[in-house]
Amino acid sequence: MQNSSNQTVKNKGIYLLPNLFTTAGLFSGFYAVIASMNANFEAAAIAIFIAMICDGLDGRVARLTNTQSDFGAEYDSMADMVSFGMAPALLAYNWALADLGKIGWLAAFIYCAGAALRLARFNTQVGVADKRYFQGLASPAAAAVIAGSIWLGNQYSLDGRNISWIAALVTAATGLLMVSNFRYHSFKEIDWRGKVNFIVILLVVGVFVVVSVQPALILCVGFYLYAISGPIITIRTVRKLKVAHVVGDDVAASVETNSSVQAAAQTQVVTDLEKEKQEEHKP
């Protein structure tokens, strides 16, 4: 009886380590909102990138230490909405969109709503969707596009109000990419616990060195390229582009890729061979 009560108390607890990273990401997102309100745009953009790092660590730490929990998943989703939904939208609005009036806050709202819908769809597709790909632009990557643009513009002393229409277009388009059906590489097939060649470590060090030279420029360009990679991957892998490939409820049922067609053909060949063998063994 005592062991049962102790087990119940243990199950009600919260794992500390992964939730510390989630809290750090939430704090970074909240700080980005405050910094953008005070016109400290560079600090706000950097805070969003720090939130991205924390978001990438909390899930991996939970899996490596076997401390996954439903509470952690929900908490992470709430923190992501602040860090990658509200913070980038308000940052873009305060930097460039405020002078556009309704058009400005509507562009920011499209982004914010897109992030909320993206997170909700991701949560409902856990364990069902193909882990190799994201359906729609992931919210951290979308936030990096906005934050990277503002960080780069601030470094070159660019006044966001002078390019407010371009900023509104980028903000709204990024929000729409999050709710699209475009396929993005998730890089989840990488085995982080496996052994790699020494050259791989050298390449990783090289990447850090290159990024450190011009972090704002390289990160901005890198995430822009990733944002446009989704439409390119989708167009290249479908035989005929349809509306369902761009937007819809069930991309898994509507997207007919070359790889899936080939897999179906191979399955049919195997089935036919098995039938032939069965026919041969019949008396």
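The analysis underlying the following values was restricted to heavy atoms, covering all of them including side chains, and did not include hydrogens, waters or symmetry mates.
- Side-chain contact check for N123 and S77: at least one donor-acceptor pair (N or O, by modelled atom type) lies under 3.5 Å.
- Checked against a 6.0 Å centroid threshold, the rings of F49 and W151 count as neighbours.
- Heavy-atom minimum distance, L91 versus A44: CD1-CB, 3.8 Å.
- With no hydrogens or angles considered, a side-chain donor-acceptor pair links Y224 and S149 at under 3.5 Å.
- No hydrogens or angles considered: nothing links the side chains of D99 and S164 as a donor-acceptor pair under 3.5 Å.
- Taking the six-membered ring where tryptophan is involved, the planes of Y31 and F27 are essentially parallel, since the angle between them stays under 30° and well short of 60°.
- Across D55 and P140, no two heavy atoms sit closer than the pair OD2-CG, 3.7 Å.
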Checklist line | Full working for ring-ring contact (aromatic ring centres under 6.0 Å, His included) between Y133 and Y184 | finding: CA-CA 5 Å; Y133 297 97; Y184 289 87; 9.8 Å; no

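- Between Y111 and the options L90, I146, V145, a side chain to side chain contact (heavy atoms under 4.5 Å, CB included) holds for only I146.
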Note to self: Show, in sequence, the C-alpha distance, side-chain angles and deciding distance for T22 and D58, and conclude whether the side-chain hydrogen bond (donor to acceptor under 3.5 Å, both in side chains) test is met.
What the structure shows: CA-CA 6 Å; T22 305; D58 60 1; 2.9 Å; yes

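- Within a 6.0 Å radius of CG in D70, no more than 12 heavy atoms belonging to other residues, nucleotides or ligands are found.
- T23 and Y75 share a donor-acceptor pair across their side chains, judged by distance under 3.5 Å alone.
- Between M178 and R118 the shortest heavy-atom distance is O-CD, 3.0 Å.
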